Number of protein chains: 2
Amino acid sequence: MTEQHIATPERNVYAADCPTRQVLDQVAHKWTVLIIGILCEGPHRYGQIARAVEGVSPRVLSRTLRDLERDGLVRRELLNASPPAVEYTLTPLGQGLEEIISPIRDWAERHLDEIHGARERFDDEAGQQDRTPWQRQKPMP
Amino acid sequence: MTEQHIATPERNVYAADCPTRQVLDQVAHKWTVLIIGILCEGPHRYGQIARAVEGVSPRVLSRTLRDLERDGLVRRELLNASPPAVEYTLTPLGQGLEEIISPIRDWAERHLDEIHGARERFDDEAGQQDRTPWQRQKPMP
DNA sequence: CCGGGTACTATCAATTTGATAGTATGATCA
DNA sequence: TGATCATACTATCAAATTGATAGTACCCGG
């Protein structure tokens with residue numbers, strides 16, 4: 001038992017060595033959010049998650065699940081089925097994430113049109129603006 | 001004006017081409033969360049953000065801010081100061097993110113000890129477990 | 001005993017990130 | 001009249017991460 005949380009290293013999330021930030025970096029990750037989202041609907045097998053979360057490669061899925069398991073957010077259980085199967089479940093700790101992850105999804109869905117509108121406007125105006133008034137121009141190659 | 005949101009392509013965040021997921025990928029990003037967090041405290045100049053968010057490189061900061069601006073979440077304003085200065089401010093749309101981003105920080109802070117405890121336990125048990133009962137062992141190099 | 005399904009890992013290329021240095025501009029200072 | 005400083009970036013290239021794809025060990029049903 002190491003005694004590394006007797007001195008909490010600066011309660012400042014913006015400091016590079018803040019432990020809170022390590023946790024944050026893990027949770028604020030695109031695949032994490034999607035995978036936790038799926039697991040909120042109940043336990044899933046590896047292949048089920050792979051098919052549900054479109055576009056995730058087995059390498060990244062495996063890695064993300066192991067990281068989540070490491071942090072105590074999901075539990076990995078080996079079922080003794082005919083072809084060996086593995087089931088992933090949210091731990092009680094992981095279930096707490098539902099309340100903070102679903103607002104993200106909801107927000108994204110609610111403001112989708114605003115955001116895509118802004119994007120189009122930005123891209124249209126792109127060529128006309130000079131973002132570097134203190135620099136002449138990027139030199140032509 | 002393209003008319004691409006008349007047919008909403010599958011209201012399924014888990015589909016690769018879902019527009020909600022594009023937004024999600026942007027918001028659920030470690031630097032985004034930290035930068036928005038800083039901007040929630042008020043307008044900041046580029047250098048202020050760079051110093052506040054420890055460890056972010058100018059390249060990534062610049063890129064992230066431009067992406068946020070593109071999505072209409074922050075506004076970039078050129079101040080006419082002696083050495084030209086730039087101020088970044090949350091738009092009303094971006095301000096809405098405070099309510100969903102601060103819960104993430106709070107959650108991470110609240111469950112920090114649990115998570116780090118789980119991590120230590122996992123790392124300790126690491127060598128002893130056999131995670132692949134359907135495979136013998138990884139071949140020794 | 002062949003093919004299919006499971007849950008991954010290995011391998012390598014492609015993309016992204018990070019570290020660092022450079023640049024244009026004007027104010028200030030010597 | 002330079003020299004220096006400060007700002008807000010961009011350029012460049014190495015390093016880390018990700019992604020695509022193929023392979024593996026196991027068992028079962030045909």
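Below, each value reflects all heavy atoms present in this structure, side chains not excepted, and no hydrogens, waters or symmetry copies. None of these values were measured; they are calculated from a predicted model. Each chain gets a letter, A, B and so on, in the order its sequence line appears, and its residues count up from 1.
- A:Leu78 has its CG atom 12 Å from the C1' atom of D:dC26, to the nearest Å.
- At D:dT18, one or more side-chain N or O atoms of A:His29 fall inside 4.0 Å of OP1 or OP2 (strictly under the cut-off).
- Atom NE2 in A:His44 sits roughly 12 Å away from atom P in C:dA7 (whole-Å rounding).
- The environment of CD in B:Glu99 is sparse: at most 12 heavy-atom neighbours from other residues, nucleotides or ligands sit within 6.0 Å.
- Regarding B:Leu79, its CG atom lies at a distance of 19 Å from the P atom of D:dA6, rounded to whole Å.
- Whole-Å rounding puts the A:Leu65 CG to C:dA7 P distance at 11 Å.
- Residue contacts shown for B:Arg45 are limited to sugar-phosphate atoms, with no base heavy atom under 4.0 Å away.
- Between B:Trp31 and C:dT16 there is no side-chain polar atom (N or O) within less than 4.0 angstrom of OP1 or OP2.
- In this structure, A:Ser62 reaches the C:dT9 phosphate: one of its side-chain N or O atoms is under 4.0 Å from OP1 or OP2.
- Counting to the nearest Å, the C1' atom of C:dT17 and the CG atom of B:Leu34 are 15 Å from each other.
- A salt bridge links B:Asp67 with B:Arg63: the closest approach of a Lys/Arg side-chain nitrogen to an acidic carboxylate oxygen falls below 4.0 angstrom.
- Spacing between atom CG of B:Asp67 and atom P of C:dT17 amounts to 9 Å, rounded to whole angstrom units.
- Taking atom CD on A:Gln48 and atom P on C:dG5, their separation rounds to 15 Å, with Å as the unit.
- A:Arg76 has a side-chain polar atom (N or O) that falls below the 4.0 Å cut-off from OP1 or OP2 of C:dC8.
- Summary of the strand contacts: A:Tyr88 and B:Val60 both lie near DNA chain C, and taking for each the nucleotide with the nearest heavy atom, the more 5' one is attributed to A:Tyr88.
- Taking atom OH of residue A:Tyr46 and atom C1' of nucleotide D:dT24, one finds them 14 Å apart after rounding to whole Å.
- For the pair B:Arg51 and A:Arg63, both in contact range of DNA chain D, the more 5′-proximal nearest nucleotide belongs to B:Arg51.
- Side-chain nitrogen and oxygen atoms of A:Arg59 include none within less than 4.0 Å of the OP1 or OP2 phosphate oxygen of C:dA13.
- In this structure, the side chain of A:Glu54 does not engage the main chain of B:Ala15 through any donor-acceptor pair within 3.5 Å.
- In the set C:dG18, D:dT10, C:dT6, the nucleotide with an atom closest to the side chain of B:Lys30 is C:dG18.
- In this structure the side chain of B:Ile36 never reaches within 4.5 angstrom of the side chain of B:Val27, judged on heavy atoms.
- Among the nucleotides D:dT10, D:dA8, C:dT6, the one closest to any side-chain atom of B:Pro58 is D:dT10.
- At D:dT10, one or more side-chain N or O atoms of B:Arg66 fall inside 4.0 Å of OP1 or OP2 (strictly under the cut-off).
- Counting heavy atoms from C-beta on, the side chains of B:Ile49 and B:Leu65 come closer than 4.5 Å.
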